[in-house]
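This report refers to the structure that appears directly beneath it.
Values reported hereafter were calculated over all heavy atoms of this structure, with side chains retained and with hydrogens, waters and symmetry mates removed. The sequence lines fix the lettering, A, B, ..., with proteins before strands; numbering per chain opens at 1.
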There are 2 protein chains.
Amino acid sequence: MKQITIKDVAEAAGVSKATASRVLSGHPATSPEARKAVEAAAGRLGFRPNAQARSLRNTRTQTIGLLLPDVRNPFFGDLAHAVEQRARSFGYMTLFGNANENVEQQDEYIDVMLSQRVDGVIAAPQGDGGNLSQLLRSGVPVVFVDRVLDSIKVPSVSPDNSTGIHDAVKHLTARGHRRIGYIAGPQSTSTGRERLRSYKEALAATGADTDADLIFLGDFQAASGAEGARTLLDLANPPTALLAADSLMSIGAVGVCNERGIAIGTDLAFVAHDDIDAFTLINPPLTVIAHDIDAMGRLAVDMLMSVIGGGSPASHTIPGRLIVRGSTPEFEKERQS
Amino acid sequence: MKQITIKDVAEAAGVSKATASRVLSGHPATSPEARKAVEAAAGRLGFRPNAQARSLRNTRTQTIGLLLPDVRNPFFGDLAHAVEQRARSFGYMTLFGNANENVEQQDEYIDVMLSQRVDGVIAAPQGDGGNLSQLLRSGVPVVFVDRVLDSIKVPSVSPDNSTGIHDAVKHLTARGHRRIGYIAGPQSTSTGRERLRSYKEALAATGADTDADLIFLGDFQAASGAEGARTLLDLANPPTALLAADSLMSIGAVGVCNERGIAIGTDLAFVAHDDIDAFTLINPPLTVIAHDIDAMGRLAVDMLMSVIGGGSPASHTIPGRLIVRGSTPEFEKERQS
DNA sequence: CATACTCGTGGAATCGATTCCATGGAATCG
DNA sequence: CGATTCCATGGAATCGATTCCACGAGTATG
């Protein structure tokens with residue numbers, strides 16, 4: 001099937017390509033008659049401008065790239081939705097790249113995005129080598145979201161990884177817990193590092209137990225959350241409370257508790273990360289450390305638009321908030337029962 | 001920052017644009033020296049071919065469009081992931097469009113995808129008017145997934161909406177339930193219609209109660225699942241079992257049960273749709289009607305590739321399977337307790 | 001009435017990569 | 001050794017939309 005080009009429209013309207021183009025792109029120097037004829041012809045023929053040809057001439061593609069570790073992670077799913085909707089409101093399409101927590105796939109997608117000449121990239125970066133450095137050197141506007149690379153100065157939107165965890169530990173110690181197990185994220189990510197640091201600081205501040213045994217290093221995937229829960233619950237002197245550094249690991253850990261018949265909220269206190277729908281369905285619903293994902297996505301897009309416009313916006317932090325629900329009971333109560 | 005073009009590479013390598021292009025696209029008629037020089041120059045300069053220019057000349061863009069109702073729905077999130085990974089294995093990028101269960105946004109995305117000259121589209125369609133008909137008339141290869149439009153003959157991958165529901169109803173009646181409430185999907189979608197029909201057939205076949213009251217018409221969103229649960233549980237003669245037609249409505253309904261202190265698996269039997277991680281975390285885990293989402297995504301891509309290659313693959317149905325878990329107890333047991 | 005201006009318009013150049021076609025040198029054949 | 005084939009190569013055309021430039025018609029100003 002032959003595609004309709006602007007030349008076809010011009011001929012049908014009895015004008016030149018130049019005039020047709022001017023009418024269709026809203027250039028002011030056009031006569032009412034020409035405008036009418038061209039618009040009629042374009043509508044009748046069902047003309048759709050070829051975006052390739054257009055963005056070859058202009059340098060703009062009206063497309064941004066979004067590079068995420070995994071869309072199936074509810075956190076990134078929500079983030080993707082927020083970014084996409086916001087970008088749309090600016091007239092930009094979003095090209096998703098799913099790195100699958102895998103540096104090679106990330107490299108591939110960076111490659112494609114650069115080839116597609118996206119106008120900007122929003123990324124939750126993994127590692128700091130490979131094509132990532134090429135992306136940064138290429139001059140394409142970049143904003144980091146969720147994660148940051150210390151070595152690289154790029155505007156970013158990141159969660160506050162301190163307040164929520166401090167509040168959670170304070171909350172747990174206030175309820176009598178002294179042995180708080182922590183399922184940490186990978187130390188190769190800023191989020192993983194900062195959250196672990198905050199956990200350690202909070203333990204020190206509250207005087208809770210600081211055994212190295214209470215820390216399990218996971219990788220932000222469900223399976224490692226499960227492994228972490230098993231390891232920590234199998235300790236000779238197991239924790240009475242668990243804290244997990246992201247939603248997927250929380251899911252894995254909760255699964256293990258169910259498997260073993262450990263009643264969360266009765267036998268064990270549990271604090272998860274991210275305010276995911278599913279966590280409110282669990283009985284009792286989980287106490288979580290939440291961040292406003294929608295705001296993160298919107299802000300990331302706004303900042304990217306600013307960078308594209310030549311600005312250099314300051315980095316932002318999205319506050320973390322502890323939402324107390326039924327999964328974090330008093331420790332005393334447990335003993336008495 | 002100036003972009004590197006093939007002309008720069010050619011000059012650096014001391015050959016013409018034509019030769020440089022031949023080397024880079026693997027054309028056989030190139031000398032070893034030219035190949036070496038061009039590859040070295042391209043690597044040194046960090047050359048990335050401009051995809052716009054390339055696909056302006058060829059007609060191929062190596063991009064497919066994926067049009068979904070909502071990425072935040074875990075079902076479509078998983079489907080998006082499956083499609084994207086499979087497309088990647090064929091060397092295609094995936095351009096996501098999130099219609100937000102909204103015909104206007106769908107129209108907008110169809111517009112953009114046609115402008116971007118995607119090589120094909122995989123869609124879970126809404127309505128049958130607007131740009132959807134233009135998309136079909138445009139000659140761009142299209143495959144439908146999850147939903148089908150009766151009026152339009154397009155290869156499709158759809159879930160088997162019969163077996164799972166029949167099995168579920170049989171399972172529930174075998175366990176003594178006679179009043180089975182159904183939270184239906186929108187009747188504007190094939191999936192919604194077929195599942196409701198199967199439910200009715202299954203009731204008739206098993207001799208369970210067929211009050212019209214037992215059916216609530218929802219819209220596949222969480223809020224309507226909640227409303228459905230409230231409506232059905234408030235009946236003078238409420239159902240002892242609930243069946244919901246998709247995962248989001250299931251989430252809404254489970255939320256209402258928790259709110260009201262109705263213990264699923266004890267006070268009420270519940271069957272959800274889709275085998276979502278979160279459903280296994282609920283205590284007891286939910287009995288579900290599951291489809292192999294990964295297979296659906298893969299098959300949709302394979303079929304699209306076939307259509308792009310000039311074939312006309314037959315439509316496929318992905319079997320539905322009842323997975324019995326703790327949420328569907330014996331009715332007798334309930335009474336006795 | 002002549003000059004200066006505005007305004008709509010069409011022709012032609014442009015963006016970057018690919019590819020057809022012509023060319024010249026090397027290799028192969030009779 | 002001359003003729004033919006083969007092959008690497010460069011020049012030029014091409015894809016479709018935009019935009020610079022020049023032109024002619026119409027209007028305003030001195």
**Asked** Within the structure shown, what part of the strands sits under 4.0 Å from A:S21 by heavy-atom distance: base, sugar-phosphate, or nothing?
**Response** base
**Prompt:** Is any side-chain N or O of B:T5 closer than 4.0 Å to OP1 or OP2 of C:dG16?
**Reply:** no
**Item:** Length of the CD1-C1' vector between B:I4 and C:dG16, whole Å
**Value:** 13 Å
**Prompt:** How long is the span from the OG1 atom in A:T30 to the CZ atom in A:R35, to the nearest 0.5 Å?
**Reply:** 4.0 Å
**Request:** Identify, residue by residue, the members of residues 47-63 of chain B with a heavy atom below 4.0 Å from DNA chain D, and return them in order of residue number, or none.
**Result:** B:L56, B:R57
**Prompt:** Who is the Watson-Crick or G-U wobble partner of D:dG30, with both distances under 3.5 Å?
**Reply:** C:dC1
**Fill in**
B:H27 atom NE2 is separated from C:dT18 atom P, nearest whole Å, by 12 Å
**Asked** Whom does D:dA22 pair with, Watson-Crick or G-U wobble, provided both distances fall under 3.5 Å?
**Response** C:dT9
**Item:** d(CG, B:D8; P, C:dC15) in whole Å
**Value:** 12 Å
**Message:** Contact between A:Q116 and B:T63 at the side-chain level, heavy atoms closer than 4.5 Å - yes or no?
**Reply:** yes
**Asked** Which whole-number value in Å describes the distance from A:K7 NZ to D:dT14 P?
**Response** 10 Å
**Item:** Basic-acidic side-chain contact under 4.0 Å: A:R298, A:D294
**Value:** yes
**Asked** How close or far is atom P of D:dT9 from atom CD1 of B:I6, stated in whole angstroms?
**Response** 14 Å
**Asked** How many angstroms lie between CG in B:L68 and CZ in B:F76, if you round to the nearest 0.5 Å?
**Response** 6.5 Å
**Prompt:** To the nearest 0.5 Å, how far apart are OG1 in B:T189 and CZ in B:R193?
**Reply:** 6.5 Å
**Prompt:** Which ones in residues 9-20 of chain B lie close to DNA chain D, meaning a heavy atom under 4.0 Å from one of its atoms?
**Reply:** B:V15, B:S16, B:A18, B:T19
